[in-house]
Amino acid sequence: MKPAYYITTPIFYVNGAPHIGHAYTMIAADVMARFKRLDGYDVFFLTGTDEHGQKVEKAAQDAGQDPQAFTDQISATFLDLARAMGLSNTQFIRTTEERHKRASQALWQRLQADGHIYLGGYEGWYAIRDEAFYDEGELTVSPSGQKLAPTGAPVEFVTEPSYFFRMSAFQERLIAYIEANPDFIAPQARRNEVLGFLRNKLTDLSISRTGFRWGVPVPGDDAHVMYVWLDALTNYLTALGYPDETAPDWRFWPADLHLVGKDILRFHAVYWPTLLMAAGLPLPKRVYAHGWWTIEGEKMSKSLGNVIDPRELVSAFGLDALRFFLLREVPFGNDGDYGRAAIVRRLNIELANDLGNLAQRTLSFVAKNAGGVMPGRGAATTADTALWAHVANLPGIVAAALDRQAFNDALAAIWVAVRAGNGYIDQQAPWSLRKTAPERMEAVLALLIDVLRVVATLLQPFMPDSMSRMLDQLGIAADARDLASLAMSVPSGTALPQPSGIFPRFVEDAA
RNA sequence: GGCGGUGUAGCUCAGCGGUAGAGCAGGGGAAUCAUAAUCCCUUGGUCGGCGGUUCAAAUCCGUCCACCGCUACCA
């Protein structure tokens, strides 16, 4: 049986339209999922929407809609985004699904049965808009006398009964776990932040609310609904069949990788692991917090009106160019800037000129001067060996980079090989060899095709559609495109299809 | 305030104890198979400032400056 690999995106909160940040997490997760499949894993890839909470209830009310209808509609836009980004997800989960209520309640009961939940009271200054409590000291007063949160949201003093999770009891175990597992939280800087946070005394977590109804009811106490985060985090278990630990997909637990935005790291690196410890379940192997995107140097915001729908970028530049750009432009974990000039530069230079043109010049030469079939290979020259050196270890390098979610390192390594390919063809000049040494010409072309095969195979997770076409042109059978198949080679004489350009240059006027 | 991080060529960044690197941008040349694409050569940096350790420091230590992140329930 193939080894299991479980990767998740966060479930996206349904109180706004999908933007480039959502697309980014989705695409990164998709690349991981596709790469692991190529590498022989049985992959479970989960994404979906987070649909409970007071904010959603209120937004639905404002829209004059029933919360479920409201949520159905917004969730559908995220599902549409997932399709538009080409996601190969196994499931799209929604927290309003019946199975999810069951899972959340089962987790609650498990915690309760083991004495990790108690009823207490919560009081303080609460801002509905932020769904957050604030300390008195953080508040400011508006001219009208209304107390305001630091975010500017109005607050009111509320007191309500609440169930608490004994999170404080797990503080030492969590610290020990993080220290014993250096790769559990990434990147390093985020891990430091979490450890820094844990140097302070952890308090218990308020895990129920009584002020609104739109949530999973607390078992045995209908006055309460679960705190949205408790419900949300449980989605990672729900999809695998929890609480049925004999369900076929349960073997995917624990997750290999939770991909999250840096703003929700604490929920995944503190709350979630302690909840799992309390429930007696194994912890995820890794939580990676990635950065945010700015747009042309500006923070993305509704008021600036610079929020970009990723689907518009797809229609302008193509899905694969967008996927490539997002993972190539900036180290994962850093913040990045989306700029029109930047994506055009990447598209034209690296995709069209470097890679697309290398494939095109090689394959069209084969079509015109080598009978349109896989050319004959020859004994390796020093130049051949030098070129192949850039490719021989590439699968291992890429796999290792992706295990660290270093997408840009993986792509950089692949591009070293691509550039070497262009240097090689210039230096070997098959157009000169054509008359003087036809056999050598064939050997040169064959080697280039072999190089392109490795490159295209490794790039499939990043640009599935384009690379599928490239592999078609290279004569690679559909069932010979995984990493293991790289050991095989296309026999000389195999007919190759007529080549055509994979990455057209982007010309501003023609758009 | 506390904790952490960053500061290296015009731009984005790699290097993290042994004579300063990559890509892009700039300059010059070659080639003409190819998507006017490619290849080669090249200009350019007192590696934030100051002090220290060392035979030797972007690389270790101290200090200062600038910017950024985290600092308890916010998807």
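Quantities reported herein were computed from a predicted structural model and do not represent experimental measurements.
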Taking the [atom1] atom in each of [N] and [M], what is the distance between them to the nearest angstrom?
N     : M     : atom1 : value
B/G5  : B/G15 : P     : 16 Å
B/U59 : B/U54 : P     : 16 Å
B/A22 : B/C39 : P     : 15 Å
B/C68 : B/A30 : C1'   : 46 Å
B/G17 : B/C60 : C1'   : 8 Å
B/C13 : B/G48 : P     : 15 Å
B/A20 : B/A57 : C1'   : 12 Å
B/G21 : B/G44 : P     : 13 Å

Give me the ring orientation class for [X] and [Y]: parallel if the planes are under 30° apart, tilted from 30 to 60°, perpendicular past 60°.
X        : Y        : answer
A/Phe170 : A/Phe165 : parallel
A/Phe407 : A/Phe462 : perpendicular
A/Phe325 : A/Trp293 : tilted

If you find the nucleotide of RNA chain B closest to A/Asn15 and the one closest to A/Gln427, which residue's nucleotide is nearer the 5' end? A/Gln427
Find which nucleotide of RNA chain B each of A/Pro10 and A/Glu193 is nearest to by heavy atoms, and output the residue with the more 5' nucleotide. A/Glu193
Distance check needed: [N] [atom2] versus [X] [atom1], whole Å only.
X        : N     : atom1 : atom2 : result
A/Leu230 : B/A75 : CG    : C1'   : 15 Å
A/Tyr424 : B/C40 : OH    : P     : 15 Å
A/Lys55  : B/C73 : NZ    : C1'   : 13 Å
A/Leu358 : B/C39 : CG    : C1'   : 12 Å
A/Phe267 : B/A75 : CZ    : C1'   : 8 Å
A/Phe197 : B/C3  : CZ    : P     : 17 Å
A/Asp409 : B/A22 : CG    : C1'   : 12 Å
A/His390 : B/A22 : NE2   : P     : 13 Å

With the side chain of A/Arg266 defined as its heavy atoms from C-beta on, choose the nearest nucleotide among B/C73, B/A75, B/U71. B/U71
Side chain of A/Asn200 (C-beta onward), nearest among B/A75, B/U71, B/C24: B/U71
Would one find a side-chain N or O of A/Trp415 under 4.0 angstrom from OP1 or OP2 of B/G23? no
For B/A25, glycosidic torsion class - syn if within 90° of 0, otherwise anti: anti
May I ask which nucleotide in the shown strands pairs with [N], Watson-Crick or G-U wobble, both distances under 3.5 Å?
N     : answer
B/C11 : B/G23
B/A30 : B/U38
B/G69 : B/C3
B/U53 : none
B/U59 : none

Check A/Thr25 against A/Thr9 and note the closest heavy-atom contact, atom names and distance. O-CG2, 4.0 Å
Closest approach of A/Ala417 and A/His390, non-hydrogen atoms and distance? CB-O, 3.8 Å
Just grab all the salt bridge (Lys or Arg N to Asp or Glu O under 4.0 Å) pairs involving residues 325-339 of chain A, residues at least two apart or on different chains. A/Lys262-A/Asp335, A/Arg328-A/Glu350, A/Glu329-A/Arg346
Using a heavy-atom cut-off of 4.0 Å across all strands, would you classify A/Ile264 as base, sugar-phosphate, or nothing? sugar-phosphate
Please assess A/Trp415 against A/Phe324 for the test ring-ring contact (aromatic ring centres under 6.0 Å, His included), listing each intermediate value before the final yes or no. CA-CA 12 Å; A/Trp415 252 258; A/Phe324 176 77; 5.1 Å; yes
Any luck finding a side-chain donor-acceptor pair between A/Ser206 and A/Ser162 under 3.5 Å? yes
For the residue pair A/Thr381 / A/Asp384, report whether a side-chain donor-acceptor contact shorter than 3.5 Å exists. yes
What do you reckon, is CD of A/Gln68 surrounded by more than 12 foreign heavy atoms closer than 6.0 Å? yes
When you check every protein heavy atom under 4.0 Å of nucleotides 32-38 of chain B, what one-letter string (B, S, -) results, 5' to 3'? SBBB-SB
In B/S/- notation (B base, S sugar-phosphate only, - none; protein heavy atoms under 4.0 Å), nucleotides 5-17 of chain B written 5' to 3' is -------------
For A/Phe506, is there any backbone N or O sitting under 3.5 Å from a side-chain donor or acceptor partner on A/Asn348? yes
Quick check, are the ring centers of A/Tyr24 and A/Phe332 under 6.0 angstrom apart? yes
